[in-house]
Visitor: 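One structure, pasted below without further comment.
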Protein chains: 2
Amino acid sequence: MDKCTPESLLEGRNIKITRQRQIVLGAIIGTGKPFSASDLHDSLGSEMDLATIYRNLEMLCGEGIIRQVMNEKERQYYELACKHNPEHPHFYCNICGKIYCMKQDKPMRLKSRLPGDFTVEQTVLQYRGICPDCGKE
Amino acid sequence: MDKCTPESLLEGRNIKITRQRQIVLGAIIGTGKPFSASDLHDSLGSEMDLATIYRNLEMLCGEGIIRQVMNEKERQYYELACKHNPEHPHFYCNICGKIYCMKQDKPMRLKSRLPGDFTVEQTVLQYRGICPDCGKE
DNA sequence: GCCTAAATGCAAGTTGTTTGCAATTAAAAA
DNA sequence: TTTTTAATTGCAAACAACTTGCATTTAGGC
């Protein structure tokens with residue numbers, strides 16, 4: 001099972017491999033968890049322009065290399081969308097705002113059809129509540 | 001089965017019944033569908049201050065009179081949370097951005113527990129794709 | 001009718017995200 | 001390898017949704 005690298009994710013796609021794309025993808029692959037634009041910006045030591053990060057996130061999302069996992073009022077979260085990371089539910093902590101990935105046994109239903117000619121491209125399941133850390137005290 | 005009125009929704013709650021609260025709640029009851037702050041603002045002919053609308057939506061949400069149904073990047077959507085309108089999934093059209101309510105036979109699981117001491121307060125199920133209107137052409 | 005705490009309107013502020021544009025750069029062509 | 005050129009970047013300014021501070025108004029108890 002091949003590991004993801006910035007280059008393997010971009011190859012065969014007519015996308016220029018720039019230094020900043022390698023850095024951004026490296027950071028995305030490095031963290032196993034959902035991330036926001038400003039998470040990336042912070043983890044890269046604020047050295048890369050936020051506009052570049054936003055532009056690349058949009059591009060990667062359009063290419064299906066990453067996917068949006070949660071739209072919080074204050075921020076958009078993404079995660080890597082490669083085959084090692086199939087779609088799954090997420091948990092949002094109402095107190096600390098952290099997002100957790102929830103494993104599930106059965107794959108989520110996708111691209112199904114609902115009554116009345118709705119074409120479903122994505123089924124989103126999320127839980128909201130109190131995470132173990134915040135529930136402790 | 002009693003109908004909702006602005007007054008019935010607010011009664012017994014130590015909340016001042018102001019003119020603008022009656023108007024806002026009237027509009028919310030009037031439309032059967034999910035709405036955003038600016039939907040309300042528009043439907044009221046832009047006569048009520050947006051700050052007032054935002055403050056009242058927050059208050060109504062805290063009181064459990066309305067609930068958030070979807071956080072889109074650009075807007076928060078709410079719906080009436082009275083007993084005539086139990087929780088249910090929603091469909092978001094990726095093309096036109098419209099939100100549809102999806103009826104379902106079994107009530108959604110709520111306030112359940114997941115492994116590892118996650119306390120679930122809300123289970124959100126949503127579909128994203130192409131709505132009947134946008135699928136037509 | 002009077003009084004007070006709470007709600008409103010207005011204007012200014014915040015925050016996440018987007019856009020215009022000149023300078024840089026990857027990579028195709030020569 | 002050098003040249004060429006179209007795409008990408010960084011910067012600064014713009015946007016849009018939402019929030020906040022504050023003086024004025026108002027609901028509702030007295």
Side-chain angles (χ1 to χ4, degrees), chain A residues 5-7 9-28 34-63 65-78 92 97 99, chain B residues 5-28 34-63 65-66 68-78 92 97 99:
Chain A
T5 64
E7 293 73 20
L9 289 171
L10 293 177
E11 80 185 353
R13 285 186 196 255
N14 239 56
I15 295 172
K16 254 194 207 171
I17 299 183
T18 63
R19 199 176 59 85
Q20 13 290 77
R21 280 179 184 161
Q22 292 174 307
I23 294 173
V24 163
L25 274 171
I28 291 175
F35 55 86
S36 66
S38 68
D39 288 341
L40 284 183
H41 189 241
D42 293 352
S43 77
L44 299 177
S46 307
E47 274 161 28
M48 191 173 311
D49 197 287
L50 260 173
T52 302
I53 294 178
Y54 279 112
R55 280 188 276 234
N56 276 309
L57 290 182
E58 194 194 3
M59 182 279 282
L60 293 170
C61 216
E63 291 289 323
I65 296 173
I66 61 175
R67 72 173 85 90
Q68 286 188 232
V69 298
M70 216 168 266
N71 306 335
E72 282 315 309
K73 183 172 53 185
E74 60 283 354
R75 249 183 266 289
Q76 304 272 125
Y77 287 90
Y78 301 85
Y92 176 83
I99 294 175
Chain B
T5 64
E7 293 73 20
S8 73
L9 289 171
L10 293 177
E11 80 185 354
R13 284 185 197 256
N14 239 56
I15 295 173
K16 255 193 207 173
I17 299 182
T18 63
R19 200 176 59 86
Q20 14 290 77
R21 280 178 185 162
Q22 293 174 306
I23 294 174
V24 164
L25 274 171
I28 291 175
F35 55 87
S36 65
S38 68
D39 288 341
L40 285 182
H41 189 242
D42 293 351
S43 78
L44 299 177
S46 308
E47 274 160 28
M48 191 172 311
D49 197 286
L50 260 173
T52 301
I53 294 179
Y54 279 113
R55 280 188 276 235
N56 276 309
L57 290 182
E58 194 194 2
M59 181 279 283
L60 293 169
C61 217
E63 290 290 322
I65 296 173
I66 62 175
Q68 285 188 232
V69 298
M70 216 168 265
N71 306 336
E72 281 317 308
K73 184 171 51 185
E74 60 284 355
R75 253 183 263 289
Q76 305 271 127
Y77 287 89
Y78 301 85
Y92 176 83
I99 293 175

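Side chains are part of it too, since the values below use all heavy atoms of this structure and drop only hydrogens, waters and symmetry mates. In what follows, chains carry the letters A, B, and so on, assigned in the order in which the sequence lines appear, proteins first and then strands, with residues in each chain numbered from 1.
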Visitor: OP1 or OP2 of C:dG16 sitting under 4.0 Å from any side-chain N/O of A:N71?
Guide: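 It does not, given that no N or O in the side chain of A:N71 lies less than 4.0 Å from OP1 or OP2 of C:dG16.
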
Visitor: Under 3.5 Å between N/O atoms: give me all the protein pairs with nucleotides 23-28 of chain C, atom names plus distance.
Guide:
| residue | atom | partner | partner atom | Å |
| --- | --- | --- | --- | --- |
| C:dA27 | OP1 | A:I17 | N | 2.9 |

Visitor: Quickly work out the B:M59 CE to C:dT8 C1' distance and round it to whole Å.
Guide: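 Checked: the CE to C1' distance equals 13 Å.
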
Visitor: What is the distance, rounded to the nearest whole Å, between atom CD of B:E72 and atom C1' of C:dT17?
Guide: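 Answer to the nearest Å: 15 Å.
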
Visitor: Measure the distance from CZ on B:R21 to C1' on D:dT25 and round it to the nearest whole Å.
Guide: 14 Å

Visitor: Is any side-chain heavy atom of B:F35 closer than 4.5 Å to one of B:L57?
Guide: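 With C-beta onward as the side chain, the pair touches.
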
Visitor: How would you list, by chain and number, every residue that makes a side-chain contact (heavy atoms from CB on, under 4.5 Å) with A:Y54, sequence neighbours excluded?
Guide: A:A37, A:L50

Visitor: Excluding sequence neighbours, so at least two apart, what forms side-chain contact (heavy atoms from CB on, under 4.5 Å) with B:R19?
Guide: B:I23

Visitor: Would you mind telling me which residue lines up with the more 5' stretch of DNA chain C, B:M48 or A:R75, judged by nearest nucleotide?
Guide: B:M48

Visitor: Between D:dA16 atom P and B:D42 atom CG, what is the distance in whole Å?
Guide: 14 Å

Visitor: Is there side-chain contact between B:Q22 and B:E7, with at least one heavy-atom pair below 4.5 Å?
Guide: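 SC-SC contact between B:Q22 and B:E7 confirmed.
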
Visitor: Nearest whole Å is fine: how far is C:dT17 P from A:N56 CG?
Guide: 15 Å

Visitor: Using a cutoff of under 3.5 Å, can you pull out all pairs of nitrogen or oxygen atoms linking the protein to nucleotides 19-22 of chain D, with atom names and distances?
Guide:
| residue | atom | partner | partner atom | Å |
| --- | --- | --- | --- | --- |
| D:dG21 | O6 | B:R55 | NH1 | 3.4 |

Visitor: Taking all heavy atoms of B:D39 and all of B:P34, pick out the closest pair and write down the distance.
Guide: OD2-O, 4.4 Å

Visitor: For B:I28, which of B:N56, B:I65, B:L40, B:L9 qualifies under side-chain contact (heavy atoms from CB on, under 4.5 Å)?
Guide: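 It is B:L40, the one option of B:N56, B:I65, B:L40, B:L9 that forms the side-chain contact (heavy atoms from CB on, under 4.5 Å) with B:I28.
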
Visitor: Return the set of residues passing side-chain contact (heavy atoms from CB on, under 4.5 Å) with A:T18 (not counting sequence neighbours), or none when no residue passes.
Guide: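 Partners of A:T18 under the side-chain contact (heavy atoms from CB on, under 4.5 Å) test: A:K16, A:Q20, A:R21.
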
Visitor: Using only side-chain N and O atoms of A:N14, determine if any of them is under 4.0 Å from OP1 or OP2 of D:dA7.
Guide: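 Checking D:dA7 against A:N14, no side-chain N or O comes under 4.0 Å of OP1 or OP2.
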
Visitor: By nearest atom, which of the nucleotides D:dT9, C:dG9, D:dC18 is closest to the A:T52 side chain?
Guide: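 Looking only at side-chain atoms, A:T52 lies closest to D:dT9.
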
Visitor: Just how far is it from atom CG of A:L44 to atom CD1 of A:I53, taken to the nearest 0.5 Å?
Guide: 5.5 Å

Visitor: With sequence neighbours left out, write down each residue that passes side-chain contact (heavy atoms from CB on, under 4.5 Å) with B:N71, or none if nothing qualifies.
Guide: A:N71, A:E72, A:R128, B:Q68, B:Q76

Visitor: Could you state the atom-to-atom distance from CD of B:Q68 to C1' of D:dC18 in whole Å?
Guide: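 My rounded result for the distance is 13 Å.
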
Visitor: Specify the separation, in whole Å, of atom CG of A:L57 and atom P of D:dT9.
Guide: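 For the pair A:L57 CG and D:dT9 P, the rounded distance is 12 Å.
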
Visitor: Please report, rounded to the nearest Å, how far the P atom of D:dG10 is from the NE2 atom of A:H41.
Guide: 10 Å

